[in-house]
Amino acid sequence: MNNLLEFGYLTNSLLAAVFAAISCGLIGTYIVSRRMVFVSGGLTHASFGGIGIGHFFGINPIIGAAVFSVIAALGIEKFSNRRLVRQDSVIAMLWSLGMALGIIFIYITPGYSPNLMSYLFGSILTVSSLDIWFLGILSLVSIIVFSVMYKVILYVSFDEDFARTRNLPVQTVKYLMISLVALAIVFNIRVVGIILVLSLLTVPQSIANLFTNKYQNILIFSVLTGLVGTLSGLAAAWLLNIPSGATIVFVLILMFFLASGVKWLQNHGKKALI
Amino acid sequence: MQKLVELKNVTAGYENEIAIENADFSVYEHDFIGIIGPNGGGKTTLLKVMLGLQRPWKGSVEYYLDGGGQNLIGQMGYLPQINKFDDKFPVSVYEVVRSGLATPKKLFSRFSKEDNTRILETLQDLGISHLKEKSIGELSGGQKQRVFLARAIVSEPKLLFLDEPNTYVDNKFEAELYEMLHYLNQRMAIVLVSHDLGTISAYIKSIVCVNKSVHYHDSNTISEEQLSVYNCPIQLITHGTIPHTVLKSHSHE
Ligand SMILES: Nc1ncnc2c1ncn2[C@@H]1O[C@H](COP(=O)(O)OP(=O)(O)O)[C@@H](O)[C@H]1O
Ligand SMILES: [Mg+2]
């Protein structure tokens, strides 16, 4: 019985690791190529407001966070063309507003308070089946979106105005993609937590970008790098009995430094041979 | 001559600030218009309004291209100002040029063989075939401008808009560029933005001065006095090795 339970945990966390790598590998490529890391940071922290509100009203906090973040994301995208207010200041406000709302709502909710640490740093070893479903569906949707809409995503990301002159559905693509970004952030919070999710969305891409600068290759390579990172991080956390989210991120960044070293050797090795 | 686009008393801007006022002129087949004006004068805004990227606050932009102005796909080429690009963006030269053939219909299908031939021919014409697989960030300023020119003309537009294609390039490239444009001008009307008149005055047929107010000047030469009447403070002298002013007249057939 105990073994079976442990086996359930293990498959859940393995699935979570795989889905995290797929969703973050793909959607992170959109984030990194469009230089939306700061916006994504804002959305990550804003989602904590959704977690608090969800907790207060007794709905699943991840669903609360998903709704809250998608609305925030669409708002940011809608007003991103205006120069009236500086976009980065708005994002900074959203960033802290989310955290503030989260804390306030969790504080005023009667009864037990949730384990805040698990939201801040994730806990892949205790993800629920519902979380896995969310991540799995998101991964599937991301794969479909990136295979069917590859060209339009690339063209809109590279040069929005030009894409408009070709009558491409620029605004629709941007809304769709920012919603996916918000969902990727929220669903992966269960895996690595609010503080660390951004690295899952950017480090694999940075590693991929060291070796290729084709968009398509970065998509694929990021997913593979992410898989290596999440799975070995998970294994290390399991074996050493240390927090999984932090271990995964640590492994990923270690991989980045190793890859940079390999890249450096490649470049300098070539020069030395000549 | 066939009229392609007409601006009727157009005013446009951002938030509460007017960027261009009373733009009132038309572009005809085989035109070669040079848009000049100081930095921040509204040149880019004027192009965007003409391309339909930005809606006028007042007045209207009317298109007379095939399809009665509704279906303008492939009929207007655009080379945007280069400073807005992300140098690290992971995209190859081939892919960039291919985006010039994108249409909403074609998005979900593969590009055809004819498209591929078209892309390769355009790359060849602009002398950048060898850069095909390079990523855009690896190119020099002049090479980048060629790639963006290729993207703009690969669809054989009737109307070509170029926003400062002569920045970040050397004099040699600039001269080559103008020769290419001169050649392209046989098959398409060209509207070119430049921060100074410099050597382009030899190729253009008319001038639009933009410094918030927009003045159409139906000649390729313009004097200091006229510029001051148009309230358009720009340099008339080129930076080239042989300084020449645009007061010199150039014959055009
Ligand atoms: N997206 C924008 N939001 C607000 N103001 C803008 C925007 N783009 C341009 N402007 C302003 O409009 C004016 C005209 O700009 P622009 O058309 O780019 O001039 P130019 O191309 O001649 O340098 C400038 O004052 C500029 O600051
Ligand atoms: Mg400009």
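Letters A, B, ... are given to chains in the order of the sequence lines, protein chains preceding strands, and every chain is numbered from 1.
Within the 4.5 angstrom heavy-atom criterion, atoms from both the backbone and the side chain of A:S157 approach chain B. Looking at B:I136, only its side chain comes within 4.5 Å of chain A, counting heavy atoms on both sides. Both the backbone and the side chain of B:F111 come within less than 4.5 Å of a heavy atom of chain A. Within the 4.5 angstrom heavy-atom criterion, atoms from both the backbone and the side chain of B:Y78 approach chain A. Only the side chain of A:I218 comes within less than 4.5 Å of a heavy atom of chain B; its backbone N, CA, C and O stay farther away. Both the backbone and the side chain of A:F158 come within contact range of chain B, each with at least one heavy atom under 4.5 Å from a heavy atom of that chain. The part of B:K106 that comes within reach of chain A is its backbone (N, CA, C, O), which places non-hydrogen atoms under 4.5 angstrom from that chain.
Among residues two or more places apart in sequence or in another chain, the salt bridge (charged side-chain N to carboxylate O under 4.0 Å, His left out) test is passed with A:K214 by B:E133.
Classification of B:D115 and B:R118 as a salt-bridged pair fails, no side-chain N sitting under 4.0 Å from a carboxylate O. Salt bridge present: B:D87 and B:K144 bring a charged side-chain N and a carboxylate O closer than 4.0 Å.
Remark: B:N166 CG to B:I82 CD1 distance equals 11.0 Å, nearest 0.5 Å.
With hydrogens and angles left out, the side-chain atoms of B:Y94 and B:R98 include no donor and acceptor closer than 3.5 Å.
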Let me see the working for A:L210 and A:S206 under side-chain contact (heavy atoms from CB on, under 4.5 Å), right down to the final yes or no. CA-CA 6 Å; A:L210 286 172; A:S206 307; over 6 Å; no
